[in-house]
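In the text below, chain A, chain B and the rest are named by the order of the sequence lines, each starting its count at 1. Just so you know, these numbers use all the heavy atoms, side chains as well, and skip hydrogens, waters and symmetry mates. Predicted, not measured: the structure shown is a model, and the values here were computed from it.
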Protein chains: 2
Amino acid sequence: MKDRILTTADKLFYLQGLRAVGVDTIAAEIGISKRTLYNHFPSKDALISAYLARRFVTPRPSDKPPAEQILATFDSLERRFASKDFRGCPFVNAVAELGSADRSVRKIAIDFKESRRLWFRNLLVQLGVKDAEGLATQLALLVDGSIAQDLVRNDPAMARAAKQAAMVLLANAGVKVG
Amino acid sequence: MKDRILTTADKLFYLQGLRAVGVDTIAAEIGISKRTLYNHFPSKDALISAYLARRFVTPRPSDKPPAEQILATFDSLERRFASKDFRGCPFVNAVAELGSADRSVRKIAIDFKESRRLWFRNLLVQLGVKDAEGLATQLALLVDGSIAQDLVRNDPAMARAAKQAAMVLLANAGVKVG
DNA sequence: ATTTAGGTACACAGACCTGTGTAACTAGTC
DNA sequence: GACTAGTTACACAGGTCTGTGTACCTAAAT
């Protein structure tokens, strides 16, 4: 049940926004009573936090070459952009909507961004890149930039542009790219 | 009067979000009656549109060297990030909050992003860059990426990272950078 | 068969929201 | 002094929202 609630909340929160979706709407969509929802989550805020926590997924380890993994990130982004259900980064959207006042939401957003940056950094270290820290940040910038651009323009080409830029940055750091 | 309303609406909408701020709050902040506000703007939606339209500013022409102008963009970003009143890109935030359902908001957001991309492109053309279109898109990605990252992390260093990346991309396109 | 855990239906409080209606007030202008 | 344009105070309609209270129901486990 808890899972059904979260699944539906995810769909509605992500597609329509946190404030735009009421708990009534979520309950009605599942076909349960609002009371049941409140029996599983003490408040809407708690539901929002759980929604974001569930969105915090880390890429599973891969044994493909690091450079390939990095570039594949942008291919995966392009596929997600092509879906009509893509509506930007849920963490960025949540911070944009709730403001930095909401401490717990902001914390999870920061953690997520940092975890992705570290994922990049580890791969870059494996590649022997000198300034892995700095380059990881720059790659993260490209990811978030293409997401923001696609959110407003709805243009998957943004992911390709980011990938091109990433290839230049990698090559400049001495990484051989396909 | 209209201007005082817009100034206050700007401050509140931008800092707290579109849905988080009611017309009552705006009127109270100025010290006017809600009726007066509605005498100047037929609806809250109209006020939101006017707020965004007022945020649509284009950089004034400069006779500094194009490469300098491009890089100065990132310095200016860094200064804005350092302000505690910076809360991301108002257009991206509006789209994130209102969803793509709101056509007029989305249009102005697209127009703004495109105008900045074209500003980059023109400078790149002046520099004789071959793929000015593509590089302009990539620079725009860096700008929006650093804005999104700063929104959640509150770290002006994101602007510096974007500038570093921009310098690499420019150099790679044959532009001499300081 | 009784207990127990959970779900349902439904009303409701209390807050907030947008937008309107109305009558009175205050300036400045003819 | 009379007229006009803009403003104010304030109530209100009608809607939405979060969260709670309560009594009933259902089904599984003991």
Inset, instruction - Specify the angle, to 10°, made by the local axes at the two ends of the helix from C:dA1-D:dT30 to C:dC30-D:dG1 when five pairs are taken at each end. - result: 0°
Inset, instruction - Mind running a 4.0 Å heavy-atom check of residues 10-24 of chain A against DNA chain C and sending the residues that fall below it, in number order? - result: none
Check: residues 22-34 of chain A side-chain donor-acceptor pairs under 3.5 Å, at least two apart:
{"unit_1": "A:Glu29", "atom_1": "OE2", "unit_2": "A:Lys11", "atom_2": "NZ", "d": "3.0"}
{"unit_1": "A:Ser33", "atom_1": "OG", "unit_2": "A:Thr36", "atom_2": "N", "d": "3.3"}
{"unit_1": "A:Ser33", "atom_1": "OG", "unit_2": "A:Thr36", "atom_2": "OG1", "d": "3.1"}

Inset, instruction - Take the protein atom CD1 of A:Ile30 and the nucleotide atom C1' of C:dG7, then report the distance between them rounded to whole Å. - result: 13 Å
Inset, instruction - Mind listing the closest non-hydrogen atom pair of A:Leu77 and A:Ser146 along with its distance? - result: CD1-OG, 3.5 Å
Could you pull out the protein-nucleic contacts involving nucleotides 24-28 of chain C (nitrogen or oxygen on both sides, under 3.5 Å)?
none

Inset, instruction - List in chain and number order the residues that pass side-chain contact (heavy atoms from CB on, under 4.5 Å) with B:Ala82, two or more places apart in sequence or in another chain; answer none if no residue qualifies. - result: B:Pro156
Legend entry - Rounded distance (Å) that lies between atom P of D:dG6 and atom NZ of B:Lys2: 11 Å
Inset, instruction - Any salt bridge (charged side-chain N to carboxylate O under 4.0 Å, His left out) involving residues 83-109 of chain B? Give me the pairs, sequence neighbours left out, ordered by first then second residue. - result: B:Lys107-B:Asp111
Legend entry - Phosphate OP1/OP2 of C:dG7: any A:His40 side-chain N/O under 4.0 Å: yes
Legend entry - Partners passing side-chain hydrogen bond (donor to acceptor under 3.5 Å, both in side chains) against A:Glu114 (at least two apart in sequence or in another chain): A:Arg117, B:Arg153
Pairwise N/O distances under 3.5 Å, protein to nucleotides 8-11 of chain D:
{"unit_1": "D:dT8", "atom_1": "OP2", "unit_2": "B:Ser33", "atom_2": "N", "d": "3.4"}
{"unit_1": "D:dT8", "atom_1": "OP2", "unit_2": "B:Thr36", "atom_2": "OG1", "d": "2.7"}

Inset, instruction - Evaluate the side-chain proximity of A:Leu37 to A:Leu47: yes if any heavy-atom separation is below 4.5 Å, no if none is. - result: yes
Inset, instruction - Please report, rounded to the nearest Å, how far the P atom of D:dG6 is from the CZ atom of B:Arg4. - result: 15 Å
Inset, instruction - Any salt bridge (charged side-chain N to carboxylate O under 4.0 Å, His left out) involving residues 168-178 of chain A? Give me the pairs, sequence neighbours left out, ordered by first then second residue. - result: none
Inset, instruction - Write down the distance between CG (B:Leu47) and C1' (C:dG19), rounded to a whole number of angstrom. - result: 14 Å
Inset, instruction - Find the distance B:Leu37:CG to D:dG6:C1' and express it as a whole number of Å. - result: 14 Å
Inset, instruction - Could you pull out all residues at least two apart from A:Asp75 that satisfy side-chain contact (heavy atoms from CB on, under 4.5 Å)? - result: A:Arg79, A:Lys163
Legend entry - All side-chain hydrogen bond (donor to acceptor under 3.5 Å, both in side chains) counterparts of B:Asn122, not counting sequence neighbours: none
Inset, instruction - May I ask you to say whether B:Asp144 pairs ionically with B:Arg116, meaning some side-chain N is under 4.0 Å from a carboxylate O? - result: yes
Inset, instruction - Figure out the CD1/C1' separation between A:Ile26 and D:dT18, and round it to whole Å. - result: 12 Å
Legend entry - Sidechain-backbone polar pair: A:Ser76 side chain, A:Ala72 backbone, donor-acceptor under 3.5 Å: no
Inset, instruction - For A:Phe41, enumerate each residue passing the ring pair (Phe, Tyr, Trp, His ring centres under 6.0 Å) test, keeping only those at least two apart in sequence or located in another chain. - result: none
Inset, instruction - On the 0 to 90° scale, with breaks at 30° and 60°, tag the B:Tyr51-B:Phe13 ring pair as parallel, tilted or perpendicular. - result: tilted
